[in-house]
Amino acid sequence: MSKLDDARIIINECDKEMITLFKKRMSAAKMVAEYKASNNLPILDLKSELIKRNTQILNDQELEGYYITFLEGMLKASKDYQEELIKEQNK
């Protein structure tokens with residue numbers, strides 16, 4: 001087995017784990033949306049706070065920009081999902 005094959009195996013394992021974590025995170029986002037809809041609360045954009053906190057945890061200058069891109073996409077998906085759920089609940 002080559003290094004490339006080894007790398008692909010690791011990537012596939014990571015992708016499976018990220019899918020599980022993505023579903024878990026979106027389930028939590030749904031809970032947040034339901035709470036906000038029930039309590040008439042707005043969906044806040046806390047992107048800058050989350051990015052700051054999570055890049056400190058990442059603690060890797062080389063990967064920081066790439067992580068921010070990844071995180072921004074995830075946060076957009078979460079916010080869009082919450083907005084859609086709240087819109088459906090308010091019909």
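Throughout, residue positions are numbered sequentially from 1 according to the sequence presented.
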Checking one residue: [X]. Which other hydrophobic residues are in its cluster under the side-chain 4.5 Å linking rule?
X   : value
Y81 : F22, M26, L85
I9  : M1
I43 : I86
I10 : none

Residues that F70 engages under side-chain contact (heavy atoms from CB on, under 4.5 Å), provided they are two or more places apart:
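Expected list: M18, Y67.
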Please enumerate all residues that pass side-chain contact (heavy atoms from CB on, under 4.5 Å) together with I19, with sequence neighbours excluded.
K23
Is it the case that more than 12 heavy atoms not belonging to D60 sit under 6.0 Å from its CG atom?
yes
Got more than 12 heavy atoms from elsewhere within 6.0 Å of CD, Q56?
yes
According to salt bridge (Lys or Arg N to Asp or Glu O under 4.0 Å), does anything in residues 65-85 pair up with another residue at least two apart or in another chain? List the pairs.
K76-D80, E84-K87
Distance-only donor-acceptor hits, side chain of residues 29-39, under 3.5 Å, sequence neighbours excluded:
{"unit_1": "S38", "atom_1": "OG", "unit_2": "E34", "atom_2": "O", "d": "3.0"}
{"unit_1": "N39", "atom_1": "ND2", "unit_2": "Y35", "atom_2": "O", "d": "2.8"}

For E88, side chain to side chain donor-acceptor pair (under 3.5 Å) partners two or more places apart:
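E88 satisfies side chain to side chain donor-acceptor pair (under 3.5 Å) with K91 only.
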Sorted by first residue and then second, give each side-chain hydrogen bond (donor to acceptor under 3.5 Å, both in side chains) pair with at least one member in residues 1-19; sequence neighbours left out.
S2-D5
